[in-house]
2 protein chains.
Amino acid sequence: MSKPATAAGDLPRYHQISNILTERIELGKYAIGDLLPTEQDLCAEFDVSRYTIREALRRLTEAGLVRRRQGSGSQVVANKVPANFVHSMRSLSELFQYASDTVFKITAVEMQVPEPEVQPYLGETADEPWLYVEGVRLEADGRTPIAFSRVFINREFEGIAGDLPSVGGTIFRLIEQRYGVTVEDVEQEIRAEPMGKYAAKLLGSSTRIWAVRVIRRYFGEDGKILQISVNYHPADRFSYSMHLRREGAKGWV
Amino acid sequence: MSKPATAAGDLPRYHQISNILTERIELGKYAIGDLLPTEQDLCAEFDVSRYTIREALRRLTEAGLVRRRQGSGSQVVANKVPANFVHSMRSLSELFQYASDTVFKITAVEMQVPEPEVQPYLGETADEPWLYVEGVRLEADGRTPIAFSRVFINREFEGIAGDLPSVGGTIFRLIEQRYGVTVEDVEQEIRAEPMGKYAAKLLGSSTRIWAVRVIRRYFGEDGKILQISVNYHPADRFSYSMHLRREGAKGWV
DNA sequence: TGGGTAAATATGTCCGGACAAATTTTAGGT
DNA sequence: ACCTAAAATTTGTCCGGACATATTTACCCA
């Protein structure tokens with residue numbers, strides 16, 4: 001092995017070296033748990049400065065293949081690059097993708113054992129009663145429907161039933177504020193299906209229309225389900241957008 | 001301002017300087033869009049080497065606060081370290097939510113100016129020809145259809161046309177490998193609509209069915225669109241799931 | 001054989017320098 | 001006023017060096 005060439009259009013040396021080392025790791029020449037050759041040895045092998053080797057190893061570290069430890073060396077911890085793509089949002093409100101000044105008009109509130117549609121999402125708590133809230137989310141004009149929603153709230157928080165008529169924002173936010181719990185995880189599932197007659201009627205349609213159904217489960221810190229919401233959006237008025245960005249090191253070929 | 005101290009237990013100098021610069025950005029001393037002082041000026045201000053300043057600025061870059069450009073300077077692009085809720089995946093393959101052993105059966109390849117449906121997603125490049133690839137993605141059994149896809153590939157990469165018959169994986173990966181480019185960002189949009197007759201037929205249905213249409217745009221490092229894919233999934237066989245996890249501090253903006 | 005200490009090893013921080021490459025600014029010409 | 005080319009500026013790559021710090025190894029003694 002010798003000094004990598006850096007003719008016009010070539011990758012930087014440290015980039016080429018990190019590609020070579022990555023390939024060796026992937027091929028098992030350096031197995032998971034093994035130490036890579038020391039910086040000094042790699043400098044000799046590739047005939048480059050220590051700086052260049054350190055940049056190459058930094059890339060391997062950022063890629064998650066290697067962990068470096070002072071006095072110890074560079075240990076292989078993975079043999080594939082977990083290139084991460086990340087969709088992030090500043091708050092859960094961004095998850096809904098409708099404006100923050102929309103209104104939730106409640107049509108029913110009661111304790112209820114969830115119907116079969118929802119039970120698969122509840123696990124062991126499927127047979128217990130939940131605080132059921134039903135309603136229509138409207139644009140700020142108070143008239144244009146956005147979605148029909150069924151919300152199941154963990155009965156630990158049934159005390160918020162009295163606050164619900166005044167809910168301008170979101171129910172889970174109400175729970176967080178009233179009970180000091182925090183939503184740590186959210187599972188969301190999107191699918192398309194024909195909308196039920198009842199829901200369609202509430203959304204102002206007398207014919208059978210299609211819906212995009214969005215189910216969201218909100219989990220607390222201990223993994224307990226705080227709330228489940230089942231939302232039906234008219235298909236012709238719904239789209240769901242997300243932006244993913246690469247984080248960390250670039251993917252290797 | 002002077003050389004940061006490095007007594008025992010102190011943070012490294014570059015870490016201290018990046019903290020100071022982060023605070024200035026958050027306070028608006030360097031606003032979004034502003035250029036930070038040059039490396040040279042910062043070396044003078046903090047009385048440290050260029051290496052130390054570059055390490056500090058690297059940290060700001062990795063945190064997403066700053067973008068550095070050779071010949072131009074270091075521009076503030078954000079004044080807060082982003083993200084509370086994060087949906088992450090190890091590779092873009094996870095975005096598709098079908099198994100990795102599926103097969104893409106190609107039905108057409110040609111240069112083409114994209115049709116009106118796609119043009120809003122192309123911006124200034126809407127009038128130019130793209131390499132058009134059309135096909136059906138099948139389960140590993142080679143028979144069960146998953147989705148009908150139209151793919152528009154930036155004509156810079158038209159050389160991959162010859163590789164396409166053998167594409168077992170994904171087209172963007174082929175582009176990455178062949179041209180050494182990297183997908184940095186992806187925009188995805190999901191909506192439901194009736195499926196066109198042609199697509200439905202290719203998916204084995206003689207009646208008018210509903211589809212979940214998923215449009216994805218893949219961007220390279222310079223913000224250029226590398227590829228667009230328009231995928232039609234039969235609604236009854238499609239669902240899209242995501243898991244979001246809280247990261248960083250609790251609480252709301 | 002086990003424990004403690006010193007020495008050796010390997011990476012981390014930081015310095016200074018040089019040249020390359022990309023971008024911006026300046027100067028000159030039409 | 002606009003355009004083009006050259007010069008200046010700013011960051012990127014890479015070199016060599018020194019000292020600090022964390023870990024591992026070697027050695028000695030009970």
Side-chain angles (χ1 to χ4, degrees), chain A residues 1-21 30 33-63 65-77 249-250, chain B residues 1-21 30 33-62 65-77 180 182 220-224:
Chain A
M1 191 71 249
S2 58
K3 187 186 283 282
T6 53
D10 281 1
L11 293 173
R13 284 202 183 102
Y14 64 82
H15 199 324
Q16 292 179 49
I17 292 169
S18 75
N19 284 346
I20 291 167
L21 295 177
Y30 307 132
D34 283 359
L35 289 180
L36 293 185
T38 64
E39 294 178 356
Q40 191 171 357
D41 290 341
L42 291 171
C43 290
E45 180 185 347
F46 291 105
D47 187 25
V48 295
S49 76
R50 189 177 167 219
Y51 173 90
T52 305
I53 292 296
R54 291 179 58 77
E55 285 292 303
L57 292 176
R58 181 193 288 248
R59 290 180 64 97
L60 294 195
T61 304
E62 285 172 358
L65 295 183
V66 161
R67 186 185 67 178
R68 284 156 70 60
R69 193 175 277 189
Q70 192 170 345
S72 181
S74 307
Q75 183 178 43
V76 178
V77 294
K250 302 198 171 80
Chain B
M1 193 70 249
S2 59
K3 188 185 279 286
T6 51
D10 282 0
L11 293 173
R13 290 206 177 98
Y14 64 82
H15 200 320
Q16 293 179 51
I17 292 169
S18 78
N19 285 345
I20 291 168
L21 295 176
Y30 306 132
D34 283 356
L35 289 180
L36 293 185
T38 63
E39 293 178 356
Q40 193 172 353
D41 290 342
L42 291 171
C43 290
E45 179 186 346
F46 292 105
D47 187 26
V48 294
S49 76
R50 188 175 167 221
Y51 173 90
T52 305
I53 291 298
R54 291 180 59 76
E55 285 292 304
L57 292 175
R58 182 192 289 248
R59 288 179 60 94
L60 293 194
T61 304
E62 285 171 359
L65 295 181
V66 161
R67 184 184 69 174
R68 286 159 66 60
R69 192 175 276 191
Q70 190 170 345
S72 181
S74 306
Q75 184 177 43
V76 177
V77 294
T182 306
E221 289 177 283
D222 50 3
K224 174 171 46 177

May I have the distance from [X] (atom [atom1]) to [N] (atom [atom2]), rounded to whole angstrom?
X	N	atom1	atom2	value
A:Arg13	C:dA20	CZ	P	12 Å
B:Glu55	C:dT11	CD	P	17 Å
B:Ile53	D:dG12	CD1	C1'	16 Å
B:His15	C:dT13	NE2	P	10 Å
A:Gln75	C:dT11	CD	C1'	14 Å
B:Arg68	D:dT9	CZ	P	18 Å
A:Arg67	C:dG12	CZ	C1'	16 Å
A:Asp10	D:dT13	CG	C1'	13 Å

key: Under-4.0 Å side-chain N/O to phosphate OP1/OP2 contact, A:Ser74 with C:dT11   = yes
query = For D:dT13, does OP1 or OP2 lie under 4.0 Å from any side-chain N or O of A:Lys3?
reply = no
Test your reading of the model: is there a side-chain donor-acceptor pair from [X] to the backbone of [Y], 3.5 Å cut-off?
X	Y	answer
B:Lys3	B:Asp47	yes
A:Arg68	A:Ser74	no
A:Thr52	A:Val48	no
B:Gln75	B:Gly33	yes
B:Glu55	B:Tyr14	no
B:Ser18	B:His15	yes

note = Per atom distances to the B:Thr52 side chain, the nearest of D:dG12, D:dT24, C:dC14 is C:dC14
Among C:dC15, D:dT13, C:dT11, the nucleotide that comes nearest once only the side chain of A:Arg54 is considered = C:dT11
Write out a two-atom table: protein N or O, nucleotide N or O from nucleotides 16-20 of chain D, distance below 3.5 Å.
unit_1: D:dA18; atom_1: N6; unit_2: A:Arg50; atom_2: NH1; d: 3.3

note = Value for CG (B:Leu65) from CG (B:Leu60), rounded to nearest 0.5 Å, stands at 6.0 Å
ask   = If you find the nucleotide of DNA chain D closest to A:Tyr14 and the one closest to A:Ser72, which residue's nucleotide is nearer the 5' end?
value = A:Tyr14
Other residues, nucleotides, ligands: >12 heavy atoms within 6.0 Å of B:Glu62 CD = yes
request  = Please list, by residue number, the residues of residues 34-43 of chain B whose heavy atoms come closer than 4.0 Å to an atom of DNA chain C; answer none if no residue qualifies.
outcome  = none
Of A:Ile20, A:Asp10, A:Ile17, the residue whose pairing with A:Pro4 passes side-chain contact (heavy atoms from CB on, under 4.5 Å) = A:Ile17
